[in-house]
Amino acid sequence: MVRDITLGQFMPGRSLIHRLDARSKIMFLIAYIVFIFVAKNYMALLLVTLASMLVVLMTKIRFSMYLKSMKVILFVVILTGILNIFYGTGNVLWEWGIIKITDGGIHNAIFVTIRIATLVLISSVLTFTTSPSDLTDAMERLMKPLTFFHVKVHEIAMMMTIALRFIPVLLEETDKIMNAQKARGADMESGGIIKRIKALIPVLIPLFVSSFRRANDLAMAMECRCYNGGKGRTRMKQLHFSVIDLLGLIFSLIVFAGVILCNIYFSSVIR
Amino acid sequence: MIEVKDVYFQYDGIEEEKQFALNGVNMTIKDGEFVAIVGHNGSGKSTLAKHFNSIYLPTTGDVIVDGMNTKDDDWLFEIRKKVGLVLQNPDNQIVAGIVEEDVAFGCENLGVPPQEIRQRVDEALKAVDMYDYRTHSPDKLSGGQKQRVAIAGIIAMEPECIVLDEPTAMLDPQGRQEVISTVRKLNQERGITIILITHYMEEAVLADRVIMMDSGKVLTDGTPREVFAQVEMLKKHRLDVPQATELCYRLKGCGYEVPECVLNEEECAKALIKLLKGSAG
C-alpha cells in the first residue's frame, strides 16, 4: 500500500542519462521547466514534449514506470485542465449563466495539461536516474554559493540524506504499528474521513515517539563516527563533468533555440 | 589501551541523589584483547560502553584511552577515531541510503582523501564479507548484514578498539552468528581490541576475558573458565551461565564424574560421552 509510491524513486541503470553528472541533471531540469513555460504555441510545445520523450526513451526505463508516477498527480492535471476551460477569452462557444466556454479556454486547457504532464515526465527522469545521495550531494554543491548568505547548505543536504534514508524505515514501522493496533481491535478502514483521520492518532503517536528515539540513536552513532558538521569533510564520490554533460548541454541549447524559433515563426499558429 | 579508574556515573534528571548507574568501576583493557562484558539489564554495562569513547563522561573518576582523558575536549576526535562504538539497533546507526556510502561516512568526517576512502571502504566491506552488497540499499538487508555494515563503517576509520554495545540483541540466531564470527575474525586477524557487551553467555565464552557486572560494579573479572566456574556465586546474582556449563554443574551436583568447568557444547558432549562410556563399561 504505502510502499507503492513511485514518484521520486531511483532506478539504477547505465544509460547515458544515468551517467550524466547529477549537477548537470538538476540544471538541465531547471532549464527544461523554463522551456516548457517559455513555449508559447503548439509547435514550440510539441518540440519540448518530443525532446522530453526522447530523453525519457534514452533512460531505458520502462514507460509504465513513468505512467505510474503520472497517476499520482493525474487528479491535479485533470482539475487544472478543467478549471482552465472556464478561464479563457475569445469566441464564446457555450454559455450558461456566468459560466462560459470559449475557444481560448479550451486551448488553455490543452496547453496546461500538456505542460504539467511534460513537467512530471521530465522531473521523473531526474529522480529515476539519480541516486538519492548523488542528488543531495549535487544540491549541496550547487547551493554552495548560498553559504555566503549564511545558509546552512551542508546541514540541509545532510537532513535530506537522512530523511531519504529513513523513509522506508518509517514506512515499515507505520505498517507494523497499524497491524499492532488492528490486532487490538482498532478500526481504520471504515467510517467517514473524519473518523478515519481520528483512527490514525493511535498510529501517529507511537510513530513520533519511536522517531525521536531513532533520532537520538542516530545522533549518537554519528557522533561516534566523528561527525562534526560540514567543516573539513571530504567525499568518497567525487562528482565530475564529462563529455556526456557537454552533449547534454548542446542538446539543451538546440531545444532552447528551437523553442525560441518556433515562438517567433509560428506565432500565427493558433494560440 | 583503556583504563577505567574509579568511575561513578549518574544520569541527569534522576530524582534520588544516590542513584548511580556506575558505582566505582575499575578495569584495564589491554591492547589486542577480546573482552566480553556481561550482566543483566540495568547492570550498567551499556552505560560503561558509552564511556569508552567519551559519549558519556564520568561523574567522578577518569577514563583514560591511550593516555588521553575522555574528559579532555581536545582529544575528543582522537579518542573516537581510536575507539569505535557499534550500537544495538542496526537500523538507527546507518546514515546513508547506500551501503558503501554509509561505510564511507566516518572517513569523510575525518577528512580522508577520496582515493583513500575508496580503498578503506572496499577493504572494510571485504573484512565483514559485505563487499558484494556495496551498492545495495541498507533497508533491503537482514539485521545481521546491517550490523556488519555498521561494523564496516567503524573499521573504515581504522580504530584500534571496537566497542560493541549488545550488537546481537535484536538479531536472529543466524545474524548473531554472523556478527560474532566477524568480530572474532577482526580480533584474531587484525589484532583490533574488542570489547563486546552482551547478555548472551554463549558469546561471552568466546572472549579471552569476561567481566561480569552487577548494579554498576564489577563482580568478577577473569578468563571465561575462571568466571563460569563460580556457578554458585553467579546464580546468587541472578546471572546465567552457558547451558552446557549449567548442565554439567547440575550433573556434578548429582554426583556424576564430569570435569570442573565446561564451557561449550563440544566439551560438554565429550564429557558426557566419557561419562556414559564409563558407566556402560
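In what follows, chains are A, B, ... by sequence order, proteins preceding strands, each numbered from 1.
Distance check: M222(A) CE to F105(B) CZ gives 4.0 Å after rounding to the nearest 0.5 Å. The structure places CZ of R233(A) at 10.5 Å from SG of C107(B), a figure rounded to the nearest 0.5 Å. Between the OH atom in Y227(A) and the CZ atom in R80(B) there is a gap of 14.0 Å [rounded to 0.5 Å]. Note that the CZ atom of R214(A) and the CG atom of N89(B) stand 6.0 Å from one another [nearest 0.5 Å].
A donor-acceptor distance shorter than 3.5 angstrom exists from the side chain of T234(A) to the backbone of V112(B), with no hydrogens or angles considered. A donor-acceptor contact shorter than 3.5 Å is absent between the side chain of Q238(A) and the backbone of P114(B).
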Note to self: Does Q93(B) form a side chain to side chain contact (heavy atoms under 4.5 Å, CB included) with M220(A)? I'd like the steps, not just the answer.
What the structure shows: CA-CA 8 Å; Q93(B) 48 186 327; M220(A) 194 184 286; over 6 Å; no
Next item on the list: Take M157(B) and C226(A) through the test side chain to side chain contact (heavy atoms under 4.5 Å, CB included) and record every step on the way to the result.
Entry: CA-CA 10 Å; M157(B) 294 168 71; C226(A) 298; 3.7 Å; yes
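Both the backbone and the side chain of L85(B) come within contact range of chain A, with heavy atoms under 4.5 Å apart. With a 4.5 angstrom heavy-atom cutoff, T136(A) does not touch chain B via any of its atoms. In this structure, the portions of E223(A) lying under 4.5 Å from any heavy atom of chain B include both its backbone and its side chain.
Results of the side chain to side chain contact (heavy atoms under 4.5 Å, CB included) test with D91(B) over E173(A), E172(A), R165(A) single out R165(A) as the only residue that passes.
No side-chain N or O of R225(A) forms a donor-acceptor pair with one of N109(B) less than 3.5 Å apart.
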